[in-house]
Number of protein chains: 2
Amino acid sequence: MSGGLVAVPAPAGQQTVRRHNRALVLGYVAEAEPVSRARVAEHTGLTRGTVSSLVDDLIAAGMLTELSAVRGATGRPASPLQLNRSGPAGLGLEIGVEHVGASVVDLSGTVRVSRRVASDHRDQPPDVGLGAAARLAADVVAGAGLPVAGACVALPGLVDAAGVLRRAPNLPRWDDVDAPERLSALLATPVRAANEADLAALAELWFGDVPADFVHVSADVGIGAGIVLGGALFRGPGGCAGELGHVVVEPGGPACSCGGAGCLERVAGLDALLRAAGASDVEALVAHPGPALAVAAGSLRIALGAAVSLLDVRTVVLGGVYARLGEDLREAVAAELATMTPPVDVRIADPATGGALRAAAASVVRALISG
Amino acid sequence: MSGGLVAVPAPAGQQTVRRHNRALVLGYVAEAEPVSRARVAEHTGLTRGTVSSLVDDLIAAGMLTELSAVRGATGRPASPLQLNRSGPAGLGLEIGVEHVGASVVDLSGTVRVSRRVASDHRDQPPDVGLGAAARLAADVVAGAGLPVAGACVALPGLVDAAGVLRRAPNLPRWDDVDAPERLSALLATPVRAANEADLAALAELWFGDVPADFVHVSADVGIGAGIVLGGALFRGPGGCAGELGHVVVEPGGPACSCGGAGCLERVAGLDALLRAAGASDVEALVAHPGPALAVAAGSLRIALGAAVSLLDVRTVVLGGVYARLGEDLREAVAAELATMTPPVDVRIADPATGGALRAAAASVVRALISG
DNA sequence: ACTCCTTTGTTCAGGCATCGAACAAACACG
DNA sequence: CGTGTTTGTTCGATGCCTGAACAAAGGAGT
């Protein structure tokens, strides 16, 4: 059984304190490496003695390594601490409509191996995609030669709080698939699942240049939003927060599969944009967007305006197809949102972040470090 | 300086553990009183010895009292524990456009004294309202005869994370008023400030019959929403979340003071509803709503649909003027939202909760208990 | 070459909080 | 009146952090 939604109050003991402080030390090393025990003590507020004891634990657990002493400064040379590049690693998986991907990152977040292969799942049963992902994963893990501590799989649909894929618009045979359970049996490793749009938002947070509060829009045939608040993903009570695609932007507009009418997805999703531009595929749309730009900007003004008003975020990142439309769309959306108070900062997703696959792998080591 | 937004990592020691477990015990007594030490130990997972020690602290601090032993069952009779009705109390304040209110609740959440007097602030400087509130507060506190541990003031406008009233639509001279600082000087007690709509939502959570995740709409001239997630208020990164009134529900509709057009507030706020119904005041509107019902329901379908999609809540509570419109409006909105998946539960705010004033006072003792 | 100074990392007694078990208290029941 | 049951307290053991003293390892100046 996966963890409950509401934190059940648990008694605290000395072990609780130890865990907390161990994570505190590890977290500071992760963000300031290489760093000496003395600096860790200074920044965390712990005693040098306590830090030494905690570091001993962490080295024994394979999380940290000690470099050779560095000479040159006054006083006794420090022995710098670093995250162990050969320690527990994270496995990231991605199952898309027409591909699978797998990636291994070490404790420092560096990508060690990453592969992506075509694999059509549109009309196949889930076993095909799960099997392909598992084979690729085994391959990648063997190539990395690191002990894998856990995995996270990015899925193109609604993932509930328990990790079950409830519905994937483009994978009609994947309703209610418990991907984590199936994959953890195949890989002999604990596996979590997450929405691909959510992981894309985390990629932007961890590897891009954005503040700690923003909304990341992933546009494709469907439109989802990853919401980041206070540097953490906001998944909502049931894990389905950020369904931006079904916000109504055109009352009385075209009917949507969700039962509503005039949803953003229906008005400014990929299909609608292709139609507006008279284009047959994404490449043609990007080359000659024409009226599609205005359609997208006007619709996004309403949907993103609602998100900004309700969530009180001041930064919006455009991803997916919207990112492909580039600066022209960004400017148009920014102009539409310019009237709002407080002002909204509109950006294009950074293409160098590595996307959902990298974030999936990184989420595993992040959980290791902060847990 | 008030507390930062992001939790700065702090080292944990034995005192941390003590605080945590003390709050754990106190919290369980609060929800199960009267209750014996043995039952507290059983439910918290702590040892009976530890619970005894913690309870000694709490009795010495005036938070708990021990009742006389109850006889009748087998075994040694328990000495039941209860929240101390004479212990630290919470002071709630409310500053409205045309009134002030003050209320004292004891540790158990029971209202001990509550008063509300007319006081027009519409075109007055802040000192008038603050002074009136302070005088009423002194009066009420004297009448209650309890030691006041702190206060919380409900304000009809945007309160930022530091507690400053940024903007109040109906109090033009109250921009950027640091009400907590002014009031704490007048009352010699720490004072927090909160949005009135947020507190109304908490009143529903604590004293009404709603799940732990919902959106509470406070409709008046302006429209705000209190968002409750996981049993806690969601205020957003800057403290201004839930600005439902400026969600666009009618693209190209009437211009709004926020710079947009077709905002919910402009289309289905009190002024618009009065106009739609041809009524001159709220009483007339409630008596003969006429087309105002359809206008409100259609607009709320869009705005609440957006909130539900983005936040993943399944319950919506209608308050303020919308609550006055009663079951007719509830049914109309529920019908509009019936097409959504998952289904949305639409309710009317419970008039017996005591509203923002009671929630303000209760928030103080709740903070005492869980802190 | 030698001494002084600075900084680093370890060691050890002290204090604090929890746990587990033993023990005393209080009452019902037969 | 003795037995059984439940409650609440007491006490030693354990674990963890703190603070200070101490050893280690180099640079700087004479």
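Remark: A/Arg235 pairs with no residue by the side chain to side chain donor-acceptor pair (under 3.5 Å) rule, at least two apart or across chains. Residues passing the side-chain contact (heavy atoms from CB on, under 4.5 Å) test with B/Pro190: none are found, sequence neighbours excluded. Residues that satisfy the side chain to side chain donor-acceptor pair (under 3.5 Å) test with A/Asp57, not counting sequence neighbours, are A/Arg18. In terms of the side-chain contact (heavy atoms from CB on, under 4.5 Å) criterion, residue partners of A/Ala356 (sequence neighbours excluded) are, by chain and number, A/Glu94, A/Ala154, A/Glu196, A/Leu199. The side-chain contact (heavy atoms from CB on, under 4.5 Å) test applied to B/Asn84 returns B/Thr65, B/Ser86, not counting sequence neighbours. Remark: B/Arg85 engages B/Glu33, B/Gln82, B/Leu83, B/Asp106, B/Ser108, B/Arg112 in a side-chain contact (heavy atoms from CB on, under 4.5 Å) (not counting sequence neighbours).
Rounded to whole angstrom, the span from the CG atom of A/Leu67 across to the P atom of C/dT8 amounts to 16 Å.
Annotation: ring-ring contact (aromatic ring centres under 6.0 Å, His included) contacts involving residues 34-86 of chain A, sequence neighbours excluded, comprise A/Tyr28-A/His43.
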Table of protein N/O atoms under 3.5 Å from nucleotides 10-20 of chain C N/O atoms:
from: C/dT10; atom 1: OP2; to: A/Ser52; atom 2: OG; distance (Å): 2.1
from: C/dG15; atom 1: N2; to: B/Gln14; atom 2: NE2; distance (Å): 2.5
from: C/dC16; atom 1: O2; to: B/Gln14; atom 2: NE2; distance (Å): 3.0
from: C/dA17; atom 1: N3; to: A/Gln14; atom 2: NE2; distance (Å): 3.0
from: C/dT18; atom 1: OP1; to: B/Asn21; atom 2: ND2; distance (Å): 3.1
from: C/dT18; atom 1: OP2; to: B/Arg18; atom 2: NH1; distance (Å): 2.6
from: C/dC19; atom 1: OP2; to: B/Thr47; atom 2: N; distance (Å): 3.3
from: C/dC19; atom 1: OP2; to: B/Thr47; atom 2: OG1; distance (Å): 3.2
from: C/dC19; atom 1: OP2; to: B/Thr50; atom 2: OG1; distance (Å): 3.2
from: C/dC19; atom 1: O5'; to: B/Thr47; atom 2: OG1; distance (Å): 3.4

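Nucleotides of DNA chain D lying under 4.0 Å from heavy atoms of chain A occupy a range whose first and last members, 5' to 3', are D/dG15 to D/dG27.
B/Asp213 approaches A/Pro237 most closely through the heavy-atom pair OD1-CG, 3.3 Å.
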